[in-house]
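Everything on this sheet refers to the single structure shown next.
Just so we're on the same page: letters track the sequence lines, and every chain starts at 1.
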Amino acid sequence: MSNPFDDIPFDDAHRPAPAPKPAGGGSGIAARAMGARSAPAYLEGLNPEQRRAVETTEGPVLVLAGAGTGKTRVLTTRIAHILAQGLAWPSQVLAVTFTNKAAREMKERIGLLVGGAVEGMPWLGTFHSIGVKMLRRHAELVGLKSDFTILDTDDQIRLLKQLIQAEGLDDKRWPARQFAHMIDGWKNKGWGPADIPEGDARAFANGKGRELFTAYQNRLKTLNACDFGDLLCHPIRLLKANPDVLADYQHKFRYILVDEYQDTNTAQYLWLRLLAQRRVSPHRQPVEERGETASPPLRQAQDEGLHRSPASPLMGEAGEASEAKLIRVGETGGDTPPPLTPPPHGVGGGPNGAPPNICCVGDDDQSIYGWRGADVDNILRFEKDFPGASVVKLERNYRSTAHILGAASHLIGHNEGRLGKTLFTEAPDPDDPKVNVHAAWDSEEEARAVGETIERHQRDGHLLNDMAILVRASFQMREFEDRFVTLGLNYRVIGGPRFYERMEVRDAMAYFRVVCQPADDLAFERIVNTPKRGLGDASVRLVHDYARKKGVPMLAAAEELVATEEMKPKPRAALRDLVQSFRRWQELLDNTPHAELAETILEESGYTAMWQADRSAEAPGRLENLKELIRSMEEFESMRAFLEHVSLVMDAEQNEDMDAVSIMTLHAAKGLEFDTVFLPGWEEGLFPHQRALDEGGRSGLEEERRLAYVGLTRAKRHCHIWFVSNRRIHGLWQSTIPSRFLDELPTDHVDVAEPPSSYGGYGGYGASRFDRAEAFASTRESPGWRRAQANRTEATSRNWGSRSGVAVERIGYGEADSGFGAGRGSVKGRVIEGELIAKSVSKTASDFSVGDRVFHLKFGNGNVTAIEGNKLTIAFDRAGEKKVLDGFVERV
DNA sequence: CGGCAAAGCCTTTTT
DNA sequence: GGCTTTGCCG
């Protein structure tokens with residue numbers, strides 16, 4: 001149990017318990033707090049529901065927090081309250097979040113409430129980081145060493161590929177990536193190789209699924225490594241197999257808080273349930289525990305309000321005063337802590353069980369991670385899992401206008417099986433803009449129009465920082481980036497290509513990993529021949545096989561191997577040099593500043609030189625990244641600590657100083673808010689995403705709808721939705737139809753560019769379609785056209801691909817110079833129409849022939865050079881050869 | 001063994 | 001359409 005990571009002694013039970021003072025004794029703040037008639041300052045400003053969520057500290061609590069209802073505030077205040085009331089030491093509170101971002105934010109906000117006590121909250125973090133923490137302490141109980149490596153997806157796939165090949169299987173037919181997904185899925189359910197259903201086991205690799213999974217787990221063990229899933233599965237196994245350890249943790253965590261409970265998967269649920277079980281253990285005196293940093297629990301926050309200065313004279317010492325805080329509300333004094341509320345049934349319902357003090361906060365309407373194993377049922381089932389649970393609904397929204405809430409609520413109302421919340425806002429303002437829906441011809445137009453809108457907002461005095469573009473899929477980002485680069489508009493991509501995923505960074509990390517974790521064969525293999533040392537496949541295989549035969553890590557194998565005559569002189573010398581270097585660096589590890597050592601390693605290995613010699617355009621940037629890597633390493637205590645950070649926190653901080661538009665996926669946007677939000681790409685197939693529909697069916701669609709709900713509710717005041725008629729997918733232009741979600745928006749709260757004169761027969765927003773052919777023709781406003789369009793048939797729909805779309809797109813944006821001369825309001829282009837465009841895209845053979853002269857809106861004139869169904873290959877005069885659907889061109 | 005060209009891959013979301 | 005991997009050749 002003594003290892004470098006075990007800086008925090010686990011067995012709190014053997015620490016001296018603080019001696020609680022009797023309640024009401026002296027002028028202690030605790031005493032005042034307990035006897036206080038008036039609420040502590042940090043409770044002020046909470047609405048009644050929020051307050052109930054904060055103050056119901058005992059027993060299970062489910063907080064259903066709609067978007068923008070102050071969820072984080074409730075969570076952080078609740079923790080502050082628990083600490084302030086002396087109900088627990090900071091280290092006795094387990095608070096789990098889903099993302100690092102959320103954990104960071106909570107730490108910051110608790111910090112604001114309670115000053116320094118956050119450092120005493122070692123158990124506030126993501127599921128994964130807390131899993132790691134547990135594992136480091138008890139690694140040997142699951143057959144690992146406490147300095148185990150955490151593999152990322154990339155390592156995982158490389159490893160699986162090796163195993164698949166080792167089984168003599170074709171790694172093309174059985175892609176490692178796919179298998180990695182399957183393993184993830186199993187681990188999300190908490191399954192090991194023995195637990196997976198027969199069907200699953202057979203589905204992969206000619207029935208060798210289970211075998212491979214077992215081999216993979218064994219290999220991980222010898223590598224002393226974990227994948228992401230193991231960070232949850234191992235702790236579960238560990239706690240189940242070691243009741244004493246489990247009991248320690250159960251006892252330790254007096255209060256459990258879970259953020260985004262709707263996103264928990266089965267493994268996370270099992271883990272929580274284990275920890276939340278309460279047993280009364282008579283032989284064991286409950287023990288108070290001090291925070292590791294000796295920070296006292298929150299004191300006097302209620303006296304000084306939320307903005308206590310760190311220099312406050314009352315904080316800083318962990319003296320007796322703070323210990324007095326440990327007396328619980330209602331306690332009459334003495335040494336024995338009061339029993340927890342006696343329960344009818346605890347979790348797991350055992351007669352000895354006490355109801356756990358677990359508080360889960362979530363929103364079933366924002367469950368958007370089903371695809372990676374999250375189980376909405378966890379939140380829907382809460383009251384059954386934890387009988388007697390208090391349920392608090394937070395429905396008062398502090399973020400968005402009534403229009404945005406109205407639109408979002410109406411949309412999400414199309415989902416079934418909700419717990420049912422309705423967001424409302426206090427004071428609707430008649431001046432609030434409605435949600436805007438816009439049409440564009442293609443994604444380029446969309447990007448241009450969004451750019452123009454952003455610039456207009458900017459001219460109106462809005463900060464770019466208050467605007468965000470939320471896309472469904474990351475490939476949509478590029479178009480915006482391109483456009484913003486030409487406009488010179490600052491933007492920032494959130495969750496885009498990540499710093500730690502860059503090749504050079506990963507290479508450098510591999511060097512560091514081998515130095516710190518000599519058994520890390522994956523890292524070793526990655527860099528044996530980078531830079532080139534003349535150690536190709538043949539040499540690597542030799543080392544690999546030798547290592548497997550002897551059962552030692554590859555580095556050790558290499559060391560032995562160079563002492564033999566087995567290798568040819570040249571590679572042998574190269575390998576010997578490399579091994580010697582690693583040994584030297586390992587010696588330096590403990591007595592050299594780690595950032596300095598890192599630099600040395602990159603220098604001496606020739607890695608830096610490799611990029612210096614590289615004349616390509618990206619080489620300077622890569623060198624810059626390496627410098628940045630070393631710079632960021634300085635902030636950490638050791639190289640090991642740095643490695644751990646990187647494997648768990650894959651994001652690098654963004655430059656917050658710059659005023660810039662944010663571009664991110666809808667998933668990445670959860671939990672954020674912006675004054676103005678742009679939601680492009682509302683088209684069938686993209687949003688809702690085809691794959692979600694194919695694989696998830698009805699529930700897949702509902703999850704997409706929740707994603708739309710998340711998107712809408714990010715907006716505080718302005719919300720612009722866009723859809724386009726043409727989008728390039730896999731390099732091929734495809735026509736698209738407006739998203740069904742547009743049809744699910746309520747007319748009352750939505751402006752569709754220009755209000756149409758007629759809605760399509762049925763109530764609500766009606767059909768969402770913009771009729772481009774009409775718009776084009778109607779520059780002359782022919783009533784005949786209009787009628788014809790209203791009765792559109794297969795025949796007329798061929799016009800759909802004509803140039804008219806651009807004019808429609810200009811509705812409401814007259815100042816844009818499109819060259820099409822459609823000024824504001826000059827186009828009356830909208831006809832509602834129920835029939836879906838999909839039918840109009842011909843599946844029959846094209847009626848074009850090779851050699852035809854055609855016109856395409858985007859590419860101009862060209863000649864048809866080949867035909868394949870309704871796909872045409874066209875040599876355009878200016879744009880070169882492209883493949884397009886025949887609906888998008890017309891004969892000239 | 002290394003470099004280059006061609007072919008195949010995939011593009012939903014992520015700790 | 002862009003990126004990675006593969007395969008062939010020097």
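The phosphate of dT12(B) (OP1 or OP2) has a side-chain N or O of H689(A) nearer than 4.0 angstrom. The phosphate of dT14(B) (OP1 or OP2) has no side-chain N or O of S474(A) nearer than 4.0 angstrom.
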All N/O contacts under 3.5 Å from nucleotides 3-10 of chain C to the protein, with atom names and distances to one decimal?
{"residue": "dT6(C)", "atom": "OP1", "partner": "K161(A)", "partner atom": "NZ", "Å": "3.3"}

Between the protein and nucleotides 2-7 of chain B, which nitrogen or oxygen pairs are less than 3.5 angstrom apart?
{"residue": "dG2(B)", "atom": "OP1", "partner": "G534(A)", "partner atom": "N", "Å": "3.1"}
{"residue": "dG2(B)", "atom": "OP2", "partner": "N529(A)", "partner atom": "ND2", "Å": "3.4"}

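Aromatic ring centres of H667(A) and Y369(A) lie closer together than 6.0 Å. W722(A) has its ring centre no less than 6.0 Å from the ring centre of F678(A). Aromatic pair F213(A)/W186(A): centroids less than 6.0 angstrom apart.
Annotation: the span from L160(A) atom CG to Q156(A) atom CD amounts to 6.0 Å, rounded to 0.5 Å. The CG atom of D184(A) sits 7.0 Å away from the OG1 atom of T153(A) when rounded to the nearest 0.5 Å. Rounding to the nearest 0.5 Å gives a distance of 11.5 Å between CG of L257(A) and OG1 of T97(A). Atom CD of E260(A) is separated from atom SG of C360(A) by 12.0 Å, given to the nearest 0.5 angstrom. Separation of atoms CZ (F480(A)) and CD1 (I469(A)) is listed at 5.0 Å; rounding is to 0.5 Å.
Residues E704(A) and V540(A) each lie close to DNA chain B; by heavy-atom proximity, the contact nearer the 5' end of the strand is made by V540(A). Taking the nucleotide of DNA chain B with the nearest heavy atom to each of A538(A) and T153(A), the more 5' of the two is matched to A538(A).
Listed by first residue number, the stems of DNA chain B with at least three Watson-Crick or G-U pairs below 3.5 Å are B:1-10 with C:1-10.
Checked against dT12(B), dT15(B), dG1(C), the side chain of R472(A) finds its nearest nucleotide in dT12(B). In the set dT14(B), dT13(B), dT11(B), the nucleotide with an atom closest to the side chain of R372(A) is dT14(B). When each of dT14(B), dT15(B), dT12(B) is scored by its nearest atom to the side-chain atoms of H128(A), the top-ranked nucleotide is dT15(B).
Of all non-hydrogen atoms in V562(A) and R576(A), the two that sit nearest each other are CG1-N, 3.7 Å.
Distance CD1 (I368(A)) to C1' (dT13(B)): 8 Å, rounded to an integer number of Å. Remark: C1' of dT12(B) and CG of L693(A) are 12 Å apart, rounded to the nearest angstrom. As a whole-Å value, the separation of R706(A) CZ from dT13(B) P is 18 Å. Rounded to whole Å, the distance from CZ on R177(A) to C1' on dC10(B) is 9 Å. The separation between L542(A) atom CG and dC1(B) atom C1' is 15 Å, rounded to whole Å. Rounded to whole Å, atom P of dC1(B) lies 10 Å from atom CZ of R541(A). Atom CG in D694(A) sits about 11 Å away from atom P in dT12(B), given to the nearest Å. Atom P of nucleotide dT14(B) and atom CG of D263(A) are separated by 12 Å, given to the nearest angstrom.
Side chain W371(A) to base dT12(B): no donor-acceptor pair is found below 3.5 Å.
Using a 4.0 Å cut-off between a side-chain N of Lys or Arg and a carboxylate O of Asp or Glu, E702(A) and R698(A) qualify as a salt bridge. The pair D230(A)-K187(A) counts as a salt bridge, with a side-chain nitrogen and a carboxylate oxygen less than 4.0 angstrom apart.
With centres under 5.5 Å and a plane angle under 30° as the test, the ring of Y369(A) is not stacked against the base of dT13(B).
Judged as a side-chain hydrogen bond (donor to acceptor under 3.5 Å, both in side chains), and not counting sequence neighbours, the contacts of W611(A) are Y607(A). For D155(A), the salt bridge (Lys or Arg N to Asp or Glu O under 4.0 Å) partners two or more places apart in sequence, or in a different chain, are R158(A), R506(A), R513(A).
Listed by residue number, there are no residues of residues 678-687 of chain A with a heavy-atom contact under 4.0 Å to DNA chain B.
At least one test fails for R705(A) against the ring of F741(A): distance under 6.0 Å to the centre or angle within 45° of the axis.
Among the protein residues, S539(A) comes within range of the sugar-phosphate backbone only, with heavy atoms under 4.0 Å from sugar or phosphate atoms but none that close to a base. Contacts of F127(A) with the nucleic acid, taken as non-hydrogen atoms under 4.0 Å apart, are absent.
A distance of about 23 Å separates the C1' atoms of dT5(C) and dT12(B), rounded to the whole Å.
Inspection of the T264(A) and N378(A) side chains reveals an N or O donor paired with an N or O acceptor under 3.5 Å.
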